[in-house]
Amino acid sequence: MTTTDSKPAPKDPWDLPDVSGLVVGVLGGTGEQGRGLAYRLAKAGQQVIIGSRAADRAQEVAAGIGHGVEGADNAECARRSDIVIVAVPWDGHAKTLESLREELAGKLVVDCVNPLGFDKKGAYALKPEEGSAAEQAAALLPDSRVAAAFHHLSAVLLQDTSLEEIDTDVMVLGEERADVELVQALAGRIPGMRGVFAGRLRNAHQVESLVANLISVNRRYKAHAGLRVTDI
Ligand SMILES: NC(=O)c1ccc[n+]([C@@H]2O[C@H](COP(=O)([O-])OP(=O)(O)OC[C@H]3O[C@@H](n4cnc5c(N)ncnc54)[C@H](OP(=O)(O)O)[C@@H]3O)[C@@H](O)[C@H]2O)c1
């Protein structure tokens, strides 16, 4: 008698879901990073709503971005979106998320916040009590699904309308494979980018901190450096 191996074939890690129908919100979307991400995602065909502490500011910035981007206050932005990118400064991170706990319940929240300090030696990584900004988000938002991504992008390149492609990988961290894959797929909508799984949220601190190294690179080489993960 022969037995057949009933193990399912391993899943292709590049077989990612279709996210084209999902609404993406960007908290703090009037800022450098938020504007850049909103522009790139909307240009790729995603429906995007940028959030602000002031709705009129968001509407004004959204009109400037074009490509159908809408503006709203952060609460409405969170409420109307399926995936919500957090792009506020580290200083306002905890307070912003605490105030939006209800609106963010059930949503996939993608944190791109890099807790950094600056002194005369340059940029350095801060050490959040929870381990990282992403883990702080997860602690503050028990009813949301939290992932982390988009830390290593240059807002300057994102906003440069003369560039058709952004040559970089995006490290994506999270607890649930399905959520991580949604964010990988979202990153992959931007020409030139790949979303690469890079571990659980307990490893977000290194990814957030690496931005201090990239800032050092950028200063020395007058660049807007990105990252590529090789051999995948
Ligand atoms: N810049 C980059 O290249 C880059 C790259 C990767 C990741 N990031 C991360 O993305 C986040 C945003 O960076 P950024 O350069 O875009 O910052 P930013 O331009 O200084 O701020 C983004 C927006 O956040 C809102 N904001 C400012 N202070 C706030 C506070 N205390 N509480 C709540 N909202 C506040 C403001 O919008 P309103 O006044 O309209 O509310 C502002 O336009 C940071 O955490 C950064 O680490 C930045």
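Residue indices begin at 1 and follow the sequence shown. Predicted model, so just to flag it, every value in this text is computed and none were measured. Remember, it's 1-based here, ligands and their atoms both numbered in the order they're listed.
- Contacts of H151 with ligand 1, taken as heavy-atom pairs under 4.0 Å, involve the backbone alone.
- Of all the atoms in ligand 1, the ones that sit under 4.0 Å from a non-hydrogen atom of L153 are 3 (O), 5 (C), 6 (C).
- Between A54 and ligand 1 there is no heavy-atom distance shorter than 4.0 Å.
- Protein heavy atom closest to atom 48 (C) of ligand 1, with residue, atom name and distance, is Q33 CB, 3.6 Å.
- With hydrogens left out, the protein atom closest to atom 15 (O) of ligand 1 is E32 CB, 3.7 Å, a heavy atom.
- Looking only at heavy atoms of the protein, atom 12 (C) of ligand 1 is closest to A87 O, 3.2 Å.
- Listed by number with element, the atoms of ligand 1 under 4.0 Å from a non-hydrogen atom of T30 are 36 (C), 37 (O), 38 (P), 40 (O), 42 (C), 43 (O).
- Following chains of ILVMFWY side-chain contacts shorter than 4.5 Å, one can reach L153 starting from V26, so the two form part of one hydrophobic cluster.
- Using a cutoff of 4.0 Å between basic side-chain nitrogens and carboxylate oxygens, R40 and E165 are not scored as salt-bridged.
- Of the residues listed (Q136, H93, H151), the one engaging D111 in a side chain to side chain donor-acceptor pair (under 3.5 Å) is H93, and it is the only one.
- Residue, atom and distance of the protein heavy atom nearest to atom 23 (C) of ligand 1 are G28 O, 3.4 Å.
- No donor-acceptor pair under 3.5 Å is formed between the side chain of Q47 and the backbone N or O of G21.
- Between D143 and K107, none of the side-chain N atoms (NZ, or NE/NH1/NH2) sits under 4.0 Å from a carboxylate O, so this pair counts as no salt bridge.
- Residue-ligand proximity, A155 to ligand 1, at heavy-atom distances under 4.0 Å covers atoms 1 (N), 2 (C), 3 (O).
- A salt bridge links E181 with K11; the closest basic N to acidic carboxylate O contact falls under 4.0 Å.
- Residue contact check: S52 has heavy atoms under 4.0 Å from atoms 38 (P), 40 (O), 41 (O) of ligand 1.
- Residues E32 and R35 are paired through a salt bridge, judged by an N-O separation under 4.0 Å between the basic side chain and the carboxylate.
- Remark: side-chain polar atoms of R228 are paired, donor with acceptor, to backbone N or O of T168 under 3.5 angstrom.
- Salt bridge status for R145 with E175: absent, with no side-chain N to carboxylate O gap under 4.0 Å.
- Nearest to atom 31 (N) of ligand 1 among the protein's heavy atoms is G92 CA, 3.6 Å.
- Nearest non-hydrogen protein atom to atom 44 (C) of ligand 1 is V88 O, 3.4 Å.
- In this structure a side-chain-to-backbone donor-acceptor pair under 3.5 Å is missing from D73 to R53.
- Considering V26, L97, T96 only, the shortest heavy-atom separation from atom 33 (C) of ligand 1 involves T96.
- Checking N114, V61, D91 against atom 7 (C) of ligand 1, the nearest heavy atom belongs to N114.
- At the shortest separation from atom 24 (O) of ligand 1 among protein heavy atoms lies P89 CD, 3.3 Å.
- Ligand 1 has an N or O atom lying under 3.5 Å from an N or O atom of G31, backbone or side chain.
- Side chain of E176 to backbone of V146: no donor-acceptor contact under 3.5 angstrom is found.
- Counting only heavy atoms of the protein, atom 29 (C) of ligand 1 lies nearest to R53 NH1, 3.3 Å.
- Distances between N or O atoms of H152 and those of ligand 1 include no value under 3.5 Å.
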